[in-house]
Amino acid sequence: VTVGLVGRPVDGVDVTIVDDRAFLLHPDTARVLVLNPTAYAVWQACAGGGDVEEITRDLADVFEVAAVDIRDEVEAAVAEFADQGFLRQ
Amino acid sequence: VTQLLSSFDLLGLPVLFGTADPAVADAVLELFDPFRTTVSTDLSALDVQVVSGTQGWTLEIGRWPMASAASWHQLLPPLITELNQRCVGALRDFAVHAGVVAHADEAIAFPGESGLGKSTAVAACVRAGYDYVSDEALVLESDAQVRPYPRPVSLVPRMATQLGLSIREPDADEVMVAPGELGSVWSGSRLAVAHVVMLDRGGSEGLVALPRADVVPLLLRNSFNHFLDPAASIRLAAHLARTATCWRLGYSEPAEVAVAVTELFDGRSVSADEV
């Protein structure tokens with residue numbers, strides 16, 4: 001595992017969208033994460049692999065904001081996904 | 001000893017109630033009338049009895065003493081609590097702690113934890129002419145249709161008096177009101193949730209639109225059994241959030257809830273005098 005790479009989403013996560021919120025259900029723990037649009041974009045980006053810097057750059061392009069403005073949010077979201085067991089290495 | 005037997009079906013939980021006292025039998029029959037079925041010899045039925053002895057009255061469930069009291073009236077609250085816990089605990093359909101009232105084929109649900117004022121709010125709505133569905137649980141089948149759970153309503157005596165209900169035990173801490181005594185009990189064939197209303201007792205804003213996405217965690221937080229099938233529960237909660245309109249209601253008096261319910265069902269503003 002390369003230092004800095006975020007994990008990939010674990011298999012079987014159930015995603016339900018209601019308006020601007022995404023509800024992620026963990027298949028084993030039944031834990032639910034409620035994501036705002038930025039956090040959901042981070043979740044989707046995790047499927048593509050990469051590290052926090054790459055994901056931040058990609059999302060900064062998508063949202064047309066400066067990378068420095070969203071880096072902390074991306075890092076926090078990735079850390080939350082990992083802490084709650086939604087990412088595998 | 002002659003046993004007066006009654007059978008009830010509490011959302012699939014069969015109950016066989018027995019007592020030797022006609023007054024007890026009549027009271028229990030009235031309280032659980034919406035759940036009444038023909039007396040059967042179903043051996044799986046929950047055996048519930050209220051028996052008298054030299055020490056007073058005892059509530060027995062499965063032949064085990066659950067509560068004792070000097071008067072059988074005092075056993076009605078624990079009887080209702082015990083049956084409610086066993087009924088809700090056995091439910092397989094997605095169930096949310098909520099009060100529910102209906103008008104024609106539309107329901108309004110008030111999800112929330114105990115102590116929020118759901119029972120009183122529901123009672124005020126039913127006294128205002130709407131149909132009683134439940135003061136305890138919003139139970140949804142897989143197609144999101146509502147299963148009524150019109151259990152007896154527990155009110156504090158002051159509120160029961162305010163709602164024009166007669167009180168048999170004025171000194172009791174709570175009054176058990178039969179659904180039929182409260183007003184009309186919903187009896188249609190299909191019932192869908194049209195509005196989800198988050199009660200905010202003490203709030204002053206009246207009806208304010210609630211973001212749909214906020215309703216999903218509200219329903220899941222107050223669910224009795226989402227853990228049985230989490231994915232299906234989230235889908236049903238999301239379906240409700242998308243198809244119903246969602247509100248927060250700040251209110252002081254239960255009558256204000258009835259006014260808001262009239263506005264939601266009629267789609268127009270009304271004054272308290274009209275309800």
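Heavy-atom basis, side chains included; hydrogens, waters and symmetry copies ignored. Each chain gets a letter, A, B and so on, in the order the sequences are listed, and its residues count up from 1.
No donor-acceptor contact under 3.5 angstrom links the side chains of B/Y149 and B/D135, judged on distance only. No hydrogens or angles considered: a donor-acceptor pair under 3.5 Å links the side chains of B/T262 and B/Y130.
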Just do the side chain to side chain contact (heavy atoms under 4.5 Å, CB included) check on B/R190 and B/D105 with the steps written out, would you?
CA-CA 6 Å; B/R190 288 181 70 78; B/D105 57 356; 5.7 Å; no
Might you work through the side-chain hydrogen bond (donor to acceptor under 3.5 Å, both in side chains) test for B/D9 and B/T37, ending with a clear yes or no?
CA-CA 6 Å; B/D9 181 341; B/T37 60; over 6 Å; no
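Contacts between residues 10-37 of chain A and chain B, counted as heavy-atom pairs separated by less than 4.5 Å, involve A/D14, A/T16, A/I17, A/V18, A/D19, A/D20, A/R21, A/F23, A/L25, A/A30, A/V32. For residues 238-254 of chain B, heavy-atom neighbours of chain A at less than 4.5 Å comprise B/A238, B/A241, B/R242, sorted by residue number.
Salt bridge A/E75/A/R71: present, at least one basic N to carboxylate O contact under 4.0 Å. Under 4.0 Å is where a charged nitrogen must lie from a carboxylate oxygen, and between B/R235 and B/D229 no such pair does.
Without hydrogens or angle criteria, A/R8 side chain to A/A47 main chain gives a donor-acceptor distance under 3.5 Å.
Side-chain contact between A/D51 and A/E54 is present, with at least one heavy-atom pair separated by less than 4.5 Å.
Ring centers of B/H226 and B/F94: at least 6.0 Å apart, outside the cut-off.
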